[in-house]
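A short worksheet on the structure shown next.
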Amino acid sequence: MFNLGWGALFVLVTYGFFLLCYRLFGKKGLYAWIGVATVIANIQVTKTIDIMGIVLTLGNTMYVSMYLTSDLLNEKYGSGEARKAVWFGFFTLIMTTVLMQMVIFFEPAPTDFTQDSMKTLFGLLPRLALGSLTAYFISQFLDVRLFSMLRKVAPGRNQLWIRTNGSSIVSSFVDTLVFCTIAFAFIYPWDVWLEIFLTTYIIKFVLTAVGTPFIYAARNFKIKDEV
(Lines give C-alpha, C1' and ligand atoms only; values in the text may rest on other atoms or scores of the structure.)
Protein backbone atom coordinates (compact mmCIF):
# COMPACT_ATOMS: atom_id res chain seq x y z
CA MET A 1 0.00 0.00 0.00
CA PHE A 2 2.96 2.32 0.51
CA ASN A 3 3.67 2.48 -3.22
CA LEU A 4 0.04 3.38 -3.94
CA GLY A 5 0.03 6.36 -1.58
CA TRP A 6 3.55 7.41 -2.50
CA GLY A 7 2.64 7.10 -6.18
CA ALA A 8 -0.36 9.41 -5.74
CA LEU A 9 1.91 11.98 -4.07
CA PHE A 10 4.47 11.50 -6.85
CA VAL A 11 1.84 12.30 -9.50
CA LEU A 12 0.70 15.44 -7.65
CA VAL A 13 4.27 16.66 -7.19
CA THR A 14 5.11 16.05 -10.86
CA TYR A 15 2.04 17.90 -12.13
CA GLY A 16 2.64 20.60 -9.53
CA PHE A 17 6.11 21.22 -10.93
CA PHE A 18 4.57 21.32 -14.42
CA LEU A 19 2.25 24.12 -13.31
CA LEU A 20 5.05 25.95 -11.52
CA CYS A 21 7.33 25.73 -14.55
CA TYR A 22 4.69 27.40 -16.71
CA ARG A 23 3.67 29.94 -14.07
CA LEU A 24 7.24 31.12 -13.54
CA PHE A 25 8.64 30.95 -17.08
CA GLY A 26 5.67 31.05 -19.45
CA LYS A 27 5.92 29.51 -22.90
CA LYS A 28 9.69 29.10 -22.54
CA GLY A 29 9.01 27.04 -19.43
CA LEU A 30 6.85 24.65 -21.44
CA TYR A 31 9.66 24.10 -23.93
CA ALA A 32 12.05 23.52 -21.03
CA TRP A 33 9.60 21.05 -19.50
CA ILE A 34 9.43 19.06 -22.74
CA GLY A 35 13.23 18.88 -22.90
CA VAL A 36 13.64 17.83 -19.27
CA ALA A 37 10.69 15.43 -19.32
CA THR A 38 12.01 13.43 -22.29
CA VAL A 39 15.25 12.79 -20.39
CA ILE A 40 13.75 12.12 -16.96
CA ALA A 41 11.02 9.82 -18.32
CA ASN A 42 13.63 7.60 -19.98
CA ILE A 43 15.64 7.42 -16.75
CA GLN A 44 12.62 6.70 -14.58
CA VAL A 45 11.39 3.94 -16.90
CA THR A 46 14.37 1.78 -15.92
CA LYS A 47 12.85 1.31 -12.45
CA THR A 48 9.96 -1.08 -11.83
CA ILE A 49 7.60 -1.00 -8.87
CA ASP A 50 4.78 -3.16 -7.55
CA ILE A 51 1.38 -1.62 -6.82
CA MET A 52 -1.25 -4.02 -5.51
CA GLY A 53 0.36 -6.97 -7.27
CA ILE A 54 0.81 -5.19 -10.61
CA VAL A 55 4.38 -4.58 -11.75
CA LEU A 56 4.77 -1.19 -13.40
CA THR A 57 7.59 0.87 -14.83
CA LEU A 58 8.06 4.45 -13.71
CA GLY A 59 8.22 7.20 -16.28
CA ASN A 60 4.55 7.15 -17.26
CA THR A 61 3.68 10.23 -15.19
CA MET A 62 6.44 12.32 -16.72
CA TYR A 63 5.60 11.00 -20.17
CA VAL A 64 1.92 11.89 -19.86
CA SER A 65 2.92 15.36 -18.68
CA MET A 66 4.46 15.88 -22.14
CA TYR A 67 1.03 15.37 -23.69
CA LEU A 68 -0.37 17.93 -21.28
CA THR A 69 2.41 20.32 -22.30
CA SER A 70 1.85 19.98 -26.04
CA ASP A 71 -1.92 20.28 -25.51
CA LEU A 72 -1.45 23.45 -23.47
CA LEU A 73 0.82 24.92 -26.14
CA ASN A 74 -1.74 24.01 -28.78
CA GLU A 75 -4.57 25.51 -26.77
CA LYS A 76 -2.91 28.85 -25.97
CA TYR A 77 -0.37 29.39 -28.75
CA GLY A 78 -1.48 27.24 -31.68
CA SER A 79 -0.52 23.95 -33.29
CA GLY A 80 2.68 25.42 -34.78
CA GLU A 81 4.14 26.02 -31.33
CA ALA A 82 3.06 22.55 -30.21
CA ARG A 83 4.82 20.91 -33.17
CA LYS A 84 7.93 22.98 -32.52
CA ALA A 85 7.97 21.70 -28.93
CA VAL A 86 7.66 18.10 -30.15
CA TRP A 87 10.66 18.58 -32.45
CA PHE A 88 12.57 20.09 -29.54
CA GLY A 89 11.78 17.08 -27.35
CA PHE A 90 12.76 14.68 -30.13
CA PHE A 91 16.09 16.48 -30.54
CA THR A 92 16.67 16.40 -26.78
CA LEU A 93 16.01 12.67 -26.65
CA ILE A 94 18.37 11.91 -29.54
CA MET A 95 21.07 14.20 -28.15
CA THR A 96 20.89 12.62 -24.68
CA THR A 97 20.93 9.08 -26.10
CA VAL A 98 23.96 9.72 -28.33
CA LEU A 99 25.99 11.66 -25.76
CA MET A 100 25.37 9.21 -22.91
CA GLN A 101 26.23 6.24 -25.11
CA MET A 102 29.54 7.98 -25.87
CA VAL A 103 30.09 8.65 -22.16
CA ILE A 104 29.68 4.96 -21.36
CA PHE A 105 32.39 4.03 -23.90
CA PHE A 106 35.05 6.07 -22.09
CA GLU A 107 37.38 3.81 -20.13
CA PRO A 108 36.77 4.63 -16.45
CA ALA A 109 39.59 5.46 -14.06
CA PRO A 110 40.51 2.81 -11.48
CA THR A 111 38.89 4.97 -8.79
CA ASP A 112 35.64 5.49 -10.75
CA PHE A 113 32.50 4.13 -9.11
CA THR A 114 29.79 5.36 -11.50
CA GLN A 115 30.43 3.34 -14.67
CA ASP A 116 28.23 0.37 -13.80
CA SER A 117 25.40 2.62 -12.65
CA MET A 118 25.60 4.68 -15.84
CA LYS A 119 25.56 1.52 -17.94
CA THR A 120 22.45 0.40 -16.10
CA LEU A 121 20.62 3.72 -16.59
CA PHE A 122 21.82 4.76 -20.03
CA GLY A 123 23.16 1.60 -21.62
CA LEU A 124 19.82 0.76 -23.14
CA LEU A 125 19.67 -1.90 -25.76
CA PRO A 126 19.36 -0.38 -29.25
CA ARG A 127 15.94 -1.98 -29.55
CA LEU A 128 14.64 -0.14 -26.46
CA ALA A 129 16.14 3.15 -27.58
CA LEU A 130 14.61 2.74 -31.05
CA GLY A 131 11.24 1.92 -29.52
CA SER A 132 11.31 5.00 -27.31
CA LEU A 133 12.36 7.37 -30.10
CA THR A 134 9.86 5.97 -32.62
CA ALA A 135 6.96 5.95 -30.18
CA TYR A 136 7.68 9.51 -29.07
CA PHE A 137 7.94 10.82 -32.63
CA ILE A 138 4.74 9.20 -33.88
CA SER A 139 2.54 9.71 -30.82
CA GLN A 140 3.46 13.31 -30.05
CA PHE A 141 2.79 14.55 -33.58
CA LEU A 142 -0.42 12.51 -33.61
CA ASP A 143 -1.47 14.18 -30.36
CA VAL A 144 -0.97 17.66 -31.84
CA ARG A 145 -2.99 16.78 -34.95
CA LEU A 146 -5.82 15.15 -32.99
CA PHE A 147 -6.04 18.09 -30.59
CA SER A 148 -6.40 20.48 -33.54
CA MET A 149 -9.07 18.26 -35.11
CA LEU A 150 -11.02 18.02 -31.86
CA ARG A 151 -10.90 21.80 -31.47
CA LYS A 152 -13.07 22.01 -34.62
CA VAL A 153 -15.55 19.49 -33.20
CA ALA A 154 -15.51 20.74 -29.59
CA PRO A 155 -14.30 24.35 -29.71
CA GLY A 156 -15.88 25.58 -26.48
CA ARG A 157 -13.68 26.87 -23.68
CA ASN A 158 -15.37 24.46 -21.26
CA GLN A 159 -14.71 21.59 -23.71
CA LEU A 160 -10.96 21.59 -23.18
CA TRP A 161 -11.30 18.28 -21.34
CA ILE A 162 -12.64 16.70 -24.54
CA ARG A 163 -9.74 18.02 -26.60
CA THR A 164 -6.98 17.08 -24.19
CA ASN A 165 -8.36 13.71 -23.07
CA GLY A 166 -9.51 12.69 -26.54
CA SER A 167 -6.17 13.45 -28.18
CA SER A 168 -4.06 12.04 -25.35
CA ILE A 169 -6.03 8.82 -24.97
CA VAL A 170 -5.62 7.94 -28.64
CA SER A 171 -1.99 9.05 -28.92
CA SER A 172 -1.09 7.25 -25.68
CA PHE A 173 -2.58 4.07 -27.13
CA VAL A 174 -0.47 4.43 -30.26
CA ASP A 175 2.61 5.29 -28.22
CA THR A 176 2.22 2.24 -26.00
CA LEU A 177 1.52 -0.04 -28.97
CA VAL A 178 4.55 1.17 -30.94
CA PHE A 179 6.94 1.02 -28.01
CA CYS A 180 5.82 -2.38 -26.72
CA THR A 181 5.90 -3.86 -30.22
CA ILE A 182 9.43 -2.63 -31.02
CA ALA A 183 10.85 -3.26 -27.57
CA PHE A 184 9.15 -6.46 -26.42
CA ALA A 185 7.55 -8.31 -29.36
CA PHE A 186 8.97 -11.84 -29.80
CA ILE A 187 10.98 -11.39 -26.58
CA TYR A 188 8.15 -12.16 -24.14
CA PRO A 189 5.31 -14.63 -24.68
CA TRP A 190 2.31 -12.89 -26.21
CA ASP A 191 0.24 -13.15 -23.03
CA VAL A 192 3.02 -11.37 -21.10
CA TRP A 193 3.37 -8.81 -23.89
CA LEU A 194 -0.37 -8.14 -23.75
CA GLU A 195 -0.25 -7.68 -19.97
CA ILE A 196 2.60 -5.16 -20.27
CA PHE A 197 0.75 -3.30 -23.01
CA LEU A 198 -2.60 -3.15 -21.18
CA THR A 199 -1.24 -2.16 -17.76
CA THR A 200 0.96 0.55 -19.29
CA TYR A 201 -1.90 1.98 -21.32
CA ILE A 202 -4.38 1.90 -18.43
CA ILE A 203 -1.93 3.79 -16.23
CA LYS A 204 -1.48 6.44 -18.95
CA PHE A 205 -5.26 6.65 -19.32
CA VAL A 206 -5.69 7.30 -15.59
CA LEU A 207 -2.81 9.80 -15.48
CA THR A 208 -4.32 11.72 -18.40
CA ALA A 209 -7.64 12.05 -16.54
CA VAL A 210 -5.86 13.13 -13.35
CA GLY A 211 -3.93 15.75 -15.30
CA THR A 212 -7.08 17.42 -16.68
CA PRO A 213 -7.62 19.84 -13.74
CA PHE A 214 -3.97 20.85 -13.96
CA ILE A 215 -4.19 21.86 -17.62
CA TYR A 216 -7.36 23.83 -16.85
CA ALA A 217 -5.49 25.66 -14.11
CA ALA A 218 -2.51 26.31 -16.38
CA ARG A 219 -4.71 27.71 -19.14
CA ASN A 220 -6.02 30.36 -16.76
CA PHE A 221 -2.59 31.62 -15.82
CA LYS A 222 -1.85 35.18 -16.92
CA ILE A 223 1.80 35.21 -17.90
CA LYS A 224 3.19 38.71 -17.39
CA ASP A 225 5.48 38.79 -20.45
CA GLU A 226 2.73 37.43 -22.70
CA VAL A 227 -0.19 39.67 -21.72
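Computation of the quantities below employed the complete heavy-atom set of this structure, encompassing side-chain atoms and omitting hydrogens, waters and symmetry-equivalent molecules. All values derive from a computational prediction rather than experimental measurement.
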Hey, do the aromatic rings of F137 and F141 have their centres closer than 6.0 Å? yes
Is a side-chain donor or acceptor of R163 paired with a backbone partner of G156 at a separation under 3.5 angstrom? yes
Roughly how far apart are M66 CE and I40 CD1, rounded to 0.5 Å? 10.0 Å
Distance col, row M62:CE vs S65:OG, nearest 0.5 angstrom, shows 5.0 Å
For F122, is there any backbone N or O sitting under 3.5 Å from a side-chain donor or acceptor partner on Q101? yes
Are more than 12 heavy atoms from other residues, nucleotides or ligands located less than 6.0 Å from atom CZ of F25? no
Look up atom CE in M149 and atom CG in L146, then write down how far apart they are to the nearest 0.5 Å. 6.0 Å
Is a side-chain N or O of S171 found less than 3.5 angstrom from the main chain of S168, in a donor-acceptor match? yes
Residues forming a side chain to side chain donor-acceptor pair (under 3.5 Å) with N220, sequence neighbours excluded: R157
Please check: side-chain N/O of Y63 versus main-chain N/O of L58, any donor-acceptor pairing under 3.5 Å? no
Just by modelled atom types, is the K76 backbone N or O under 3.5 Å from a matching donor or acceptor in the R219 side chain? no
Any link between V36 and L99 through a network of hydrophobic side chains (Ile, Leu, Val, Met, Phe, Trp, Tyr) touching at under 4.5 Å? no
Closest approach of W190 to A185 (non-hydrogen atoms, all atoms of both residues): CH2-CB, 4.1 Å
Tell me if a side-chain donor or acceptor on W193 pairs with a main-chain N or O of F186 at a distance below 3.5 Å. no
Please confirm whether the backbone N or O of K84 pairs with a side-chain atom of Y31, one donor and one acceptor, at under 3.5 Å? no
Output, in order, the C-alpha distance, side-chain angles, deciding distance and verdict of side chain to side chain contact (heavy atoms under 4.5 Å, CB included) for Y188 and L194. CA-CA 9 Å; Y188 293 109; L194 183 61; over 6 Å; no
Decide side chain to side chain contact (heavy atoms under 4.5 Å, CB included) for T208 and Y67; before the verdict, give the C-alpha distance in whole Å, the side-chain angles of both, and the deciding distance to 0.1 Å. CA-CA 8 Å; T208 297; Y67 290 115; 5.7 Å; no
With no hydrogens and no angle check, is any side-chain donor or acceptor of T164 less than 3.5 Å from a backbone partner on L160? no
Gap between atom CH2 of W33 and atom CG of L19 - 0.5 Å precision: 9.0 Å
Nearest heavy-atom pair of G29 and C21: which atoms, and what distance? O-SG, 3.2 Å
Identify every side-chain donor-acceptor pair in residues 198-206 under 3.5 Å, counting partners at least two apart or on other chains, and give the distances.
from : atom 1 : to   : atom 2 : distance (Å)
T199 : OG1    : E195 : O      : 2.8
T199 : OG1    : I196 : O      : 3.2
T200 : OG1    : I196 : O      : 2.7
Y201 : OH     : I169 : O      : 3.1
K204 : NZ     : D175 : OD2    : 2.4
K204 : NZ     : T176 : OG1    : 3.3

For a quick test of reading the model, state the closest non-hydrogen atom pair linking L93 to T38 and the distance between them. CD1-O, 3.9 Å
Per the ring pair (Phe, Tyr, Trp, His ring centres under 6.0 Å) rule, which among F197, F184, F173 passes with F179? F184
Interatomic distance, T120 atom OG1 to I43 atom CD1 [nearest 0.5 angstrom]: 12.5 Å
Could you walk me through whether I34 and T92 pass the side chain to side chain contact (heavy atoms under 4.5 Å, CB included) check? CA-CA 9 Å; I34 286 284; T92 303; over 6 Å; no
Between CG of L24 and CD1 of I223, what distance do you get to the nearest 0.5 Å? 8.5 Å
Is it true that I51 and M1 fall in one hydrophobic cluster, defined by side-chain heavy atoms closer than 4.5 Å? yes
Which atom names give the shortest non-hydrogen contact between Q115 and F106, and what distance separates them? NE2-O, 4.2 Å
Other residues, nucleotides and ligands only: do more than 12 of their heavy atoms fall within 6.0 Å of CZ on F17? no
Consider only side-chain heavy atoms of I, L, V, M, F, W and Y, link residues closer than 4.5 Å, and tell whether W6 and Y15 are in one cluster. yes
For E75 and R151: C-alpha separation, side-chain torsions, deciding distance, then whether side chain to side chain contact (heavy atoms under 4.5 Å, CB included) applies. CA-CA 9 Å; E75 176 75 7; R151 183 153 46 195; 4.1 Å; yes
Which atoms form the tightest heavy-atom contact between Y136 and V86, and what is the distance? OH-O, 3.1 Å
Neighbour count above 12 (heavy atom, 6.0 Å) for F221 CZ: yes
Run the side chain to side chain donor-acceptor pair (under 3.5 Å) test against T212 and tell me which residues pass, sequence neighbours left out. N165
Heavy-atom pair with the smallest gap, counting every atom of F90 and L133: CE1-O, 3.7 Å
Does the N74 side chain pair with the main chain of V144, one donor and one acceptor, at a distance under 3.5 Å? yes
